[in-house]
Amino acid sequence: MIMMVKYYLREMLNLSLISKLFFLVFYFLLIISNINAESYVKAGESLIWDSENRSYTANGNVEFKNERFIAFANKMIAQYVEENNDEIFTVVELFDNVIIKFEEETFIGDYAIYTRNNNIIRLTGDVSIESPARLLKGNELIADIDNNKRILNSGNNESLVEVLLESNEND
């Protein structure tokens with residue numbers, strides 16, 4: 001994207017005023033279309049596209065966004081299908097230091113898998129759900145996004161699911 005910006009700026013210096021205005025309008029439309037993209041993947045170290053298997057593997061400071069949530073992790077493997085010349089992510093796996101932001105909630109865990117066909121996020125490991133009024137901790141979280149349900153499990157009989165609720169002094 002940076003190389004594209006440099007190219008457009010260099011070309012703009014050689015144009016007439018009307019051409020520059022047209023060029024600026026085109027450039028801003030291009031930026032807006034990229035900002036409003038339904039889904040994207042960013043990676044700090046590497047991003048591998050496997051067109052034969054229709055997958056992406058991202059490493060290092062990974063950021064994944066779709067129309068429902070935004071997620072961060074150290075590694076991601078995502079499967080996609082092609083619909084109307086768009087890549088639609090169907091299964092997304094996130095590894096190590098997973099943080100998922102969904103509306104006013106933040107899900108944290110060691111591993112997560114998201115499946116688009118049922119809009120369910122499953123996190124495992126040291127899991128927590130943070131929202132403005134509560135903090136929930138456990139071993140496994142199943143978040144049903146469409147039905148607004150959260151199932152939080154503990155690892156075994158010796159561990160507990162913790163719930164911390166913020167008290168409201170005005171009540």
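Residues take their numbers from the sequence shown, with the count starting at 1.
- Other residues, nucleotides and ligands contribute only 12 or fewer heavy atoms inside 6.0 Å of the CG atom of Asn61.
- Separating the OG1 atom in Thr106 from the CD atom in Glu104 is a distance of 10.0 Å, to the nearest 0.5 Å.
- When all heavy atoms of Gly125 and Asp110 are compared, the closest pair comes out as CA-OD2, 3.2 Å.
- Of all heavy-atom pairs between Ile100 and Ala112, the closest is CD1-CB, 4.0 Å.
- Arg116 and Glu67 are joined by a salt bridge, as a carboxylate oxygen and a charged side-chain nitrogen come within less than 4.0 angstrom of each other.
- Of the possible donor and acceptor atoms, one in the side chain of Asn66 sits under 3.5 Å from a partner among the backbone N and O of Arg68.
- In terms of hydrophobic clustering, with Ile, Leu, Val, Met, Phe, Trp and Tyr side chains grouped at heavy-atom distances under 4.5 Å, Leu47 and Val62 are assigned to a common cluster.
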(message) Would Glu130 and Glu105 count as a side chain to side chain contact (heavy atoms under 4.5 Å, CB included) here? Give the steps.
(response) CA-CA 6 Å; Glu130 297 177 16; Glu105 295 177 308; over 6 Å; no

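- When hydrophobic clusters are built by joining Ile, Leu, Val, Met, Phe, Trp and Tyr residues whose side-chain heavy atoms come closer than 4.5 Å, directly or via intermediates, Ile145 is grouped together with Val127.
- The salt bridge (Lys or Arg N to Asp or Glu O under 4.0 Å) test applied to Glu45 returns no partner, not counting sequence neighbours.
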(request) Might you work through the ring pair (Phe, Tyr, Trp, His ring centres under 6.0 Å) test for Tyr40 and Phe64, ending with a clear yes or no? (result) CA-CA 6 Å; Tyr40 67 78; Phe64 169 79; 7.8 Å; no

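- From Arg134, atom CZ reaches atom OG of Ser128 across 12.5 Å, with rounding to the nearest 0.5 Å.
- In terms of modelled atom types and a separation under 3.5 Å, the side chain of Asn118 and the main chain of Ile120 share a donor-acceptor contact.
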(message) Determine whether Ile151 and Leu141 satisfy the following criterion, side chain to side chain contact (heavy atoms under 4.5 Å, CB included), listing intermediate values before the conclusion.
(response) CA-CA 6 Å; Ile151 299 170; Leu141 167 67; 6.0 Å; no

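- More than 12 heavy atoms of other residues, nucleotides or ligands shown are found within 6.0 angstrom of CD on Glu82.
- The two residues Arg150 and Ala143 have their closest heavy-atom pair at CD-CB, 3.8 Å.
- Although no hydrogens or angles enter the test, the distance criterion places no donor-acceptor pair under 3.5 Å between the side chain of Asn119 and the main chain of Asp146.
- Every residue was checked against the salt bridge (Lys or Arg N to Asp or Glu O under 4.0 Å) condition with Arg54, not counting sequence neighbours, and none meets it.
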Which atom pairs, one a donor and one an acceptor, fall under 3.5 Å between side chains of residues 89-98 and the rest of the protein, sequence neighbours left out?
from	atom 1	to	atom 2	distance (Å)
Thr90	OG1	Gln79	O	3.3
Glu93	OE2	Tyr111	OH	2.5

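- The backbone N or O of Glu52 lies less than 3.5 Å from a partner atom in the side chain of Asp50, making a donor-acceptor pair.
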(request) Take Tyr80 and Ile88, measure what side chain to side chain contact (heavy atoms under 4.5 Å, CB included) needs, and give me the verdict at the end. (result) CA-CA 5 Å; Tyr80 68 89; Ile88 308 297; 5.9 Å; no

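- Atoms CG and CD1, from Asp144 and Ile121 in turn, are 10.0 Å apart once rounded to the nearest 0.5 Å.
- To the nearest 0.5 Å, atom CG of residue Leu136 and atom CD1 of residue Ile129 are 4.5 Å apart.
- A heavy-atom distance below 4.5 Å is not found between the side chains of Lys101 and Phe107.
- Because its NZ or CZ atom is not both nearer than 6.0 Å to the ring centre of Phe69 and within 45° of the ring axis, Lys65 does not count as a cation-pi partner of that residue.
- Hydrophobic clustering places Val41 together with Trp49 (ILVMFWY residues linked when any side-chain heavy atoms are closer than 4.5 Å, directly or through intermediates).
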